[in-house]
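Accompanying notes for the structure given below.
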Amino acid sequence: MPALVLLGAQWGDEGKGKATDLLGGSVDYVVRYQGGNNAGHTVVVGDQKYALHLLPSGILSPGCTPVIGNGVVVDPSVLFSELSGLNERGVDTSKLLISGNAHIITPYNVTVDKVTERFLGKRKIGTTGRGIGPTYADKINRVGIRVQDLYDESILTQKVEAALDVKNQMLTKFYNRRAIAVDQVVEELLGYADKLAPYVADTVLVLNQALEQDKVVLFEGGQGTLLDIDHGTYPFVTSSNPTAGGACTGAGVGPTKISRVIGILKAYTTRVGAGPFPTELFDEDGEALRRIGGERGVTTGRDRRCGWFDAVIARYATRVNGLTDFFLTKLDVLTGWEQIPVCVAYEIDGKRVEELPYSQTDFHHAKPVYEMLPGWSEDITGAKSFSDLPKNAQAYVKALEEMSGAPISAIGVGPGRDETIEINSFL
Ligand code: IMP
């Protein structure tokens, strides 16, 4: 029953694509269980670089079946443009399966995302503007449109009517925008039905049968732990559950089936969008991390906010996800610093605090307490085993492992597929 969950341990963008792809060859199914095209994976295969937003990264591994689970929100226009982009480069995408219960991001969800963010002004979340939050809001309000609705025109029309009823009032009377026509939305959505049909499946059944047959199933989280709607830095979060429990609800697999939960952890910290970030740097070190680490959003093209490693967050991720392992990424980015600060605790209103405070106010007041670790100057991109790393890099990894509460089982030392040190196999 090898069911692995792979998720971001910080605020997303930890380099999950590289990790999923590394495992891809031995994995039978790669499943996305939440989020939508707000995610951004960069996967490097040979000299080719792929940027994926919605599709599971397993789509690049020929033996693997990529699955979009019921917990994902799907924008069909993005889906087809990603698929055709891959097809043009010779990638076979025919094995893709999409849950009939997944919700559709409609054009009006995208509109609502944009107008509400604009309205919030200074209080904005800094969303990706892809309609993610409004689509999940419709799901919870029970006015969402699901993939299966595209196959019953009458039901689809009724549902779009119900969804637009209140929204059109809001758009015209409150936001001063034009009303959205039901017919136009229905026509656009129906236009995707035939193209989508070959991919639609009962993914819950498929995945549970696969697990019964001892197939290797990898659940790939989008975003990260601190962006989780329940466990993240609310309200500066995404609208789904990237944490491990989300894999169960978002794919229809029971918690007893999950054998391993791997947290992807960047050797420093980044965040996109608004919200608290205790170790954020506003100086030349932050600028250097951004430049060397290529910290620009795959989805939005926005510069990422950068800061030092935060062990309080890593410990929190271990706890809320029940992590069994970490995959430490981008260690090579830290090469060249004489000393590397690591946040080991916070100071909140004059008191030292070891664990992430549950209070949003306290977290906003948290100041990092740093320990200085000695840096290294040797190029580590060619390292194949842990012992190839300079002593100080080894000590940095060991210190992070001790502070974070789970073993570091792999280390990324460069962007390429083979630039990874495997310490313990994930399978
Ligand atoms: P939304 O997911 O578009 O609603 O955006 C909510 C918050 O999550 C914003 O701060 C986004 O910048 C952030 N976010 C969404 N997706 C990602 C991701 O894949 N990586 C990092 N941040 C993300």
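Keep in mind that this is a model prediction, so the values were computed, not measured. We count ligands from 1, going down the list as the structure has it; atoms in each ligand are counted the same way.
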Open item on the list: Determine whether the aromatic ring centres of residues Y358 and F363 are separated by less than 6.0 angstrom.
Closed with: no

- [ ] May I ask you to decide whether D325 forms a salt bridge with R260, counting only side-chain N to carboxylate O separations under 4.0 Å?
- [x]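 Salt bridge present between D325 and R260.
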
TODO: Indicate yes or no: at least one non-hydrogen side-chain atom of V78 is less than 4.5 angstrom from one of I105.
DONE: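 No. Closest side-chain heavy atoms not under 4.5 Å.
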
Counting non-hydrogen protein atoms only, what is the nearest one to [atom]? Give residue, atom name and distance.
atom: atom 10 (O) of ligand 1; result: V272 O, 3.2 Å
atom: atom 18 (C) of ligand 1; result: N38 O, 3.7 Å
atom: atom 12 (O) of ligand 1; result: R302 NH2, 3.1 Å
atom: atom 7 (C) of ligand 1; result: V237 O, 3.7 Å

- [ ] Mark up the atoms of ligand 1 that fall under 4.0 Å of a heavy atom belonging to I125, in ascending order.
- [x] 10 (O)

Task: ligand 1 atoms in contact with G273 (distance to a heavy atom under 4.0 Å) - done: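 Listed by number with element, the hits are 10 (O), 12 (O).
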
Task: Shortest heavy-atom approach to atom 14 (N) of ligand 1 - which of L227, I132, I229 - done: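 Selected option, by shortest heavy-atom distance: L227.
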
Task: Of the listed options S239, G126, G232, closest to atom 9 (C) of ligand 1 (non-hydrogen atoms) - done: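 It is G126 whose heavy atom sits nearest to atom 9 (C) of ligand 1.
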
TODO: Identify the heavy atoms of R305 and G275 that sit nearest to each other, and give their distance.
DONE: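 In this case the closest contact between R305 and G275 is NH2-O, 2.9 Å.
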
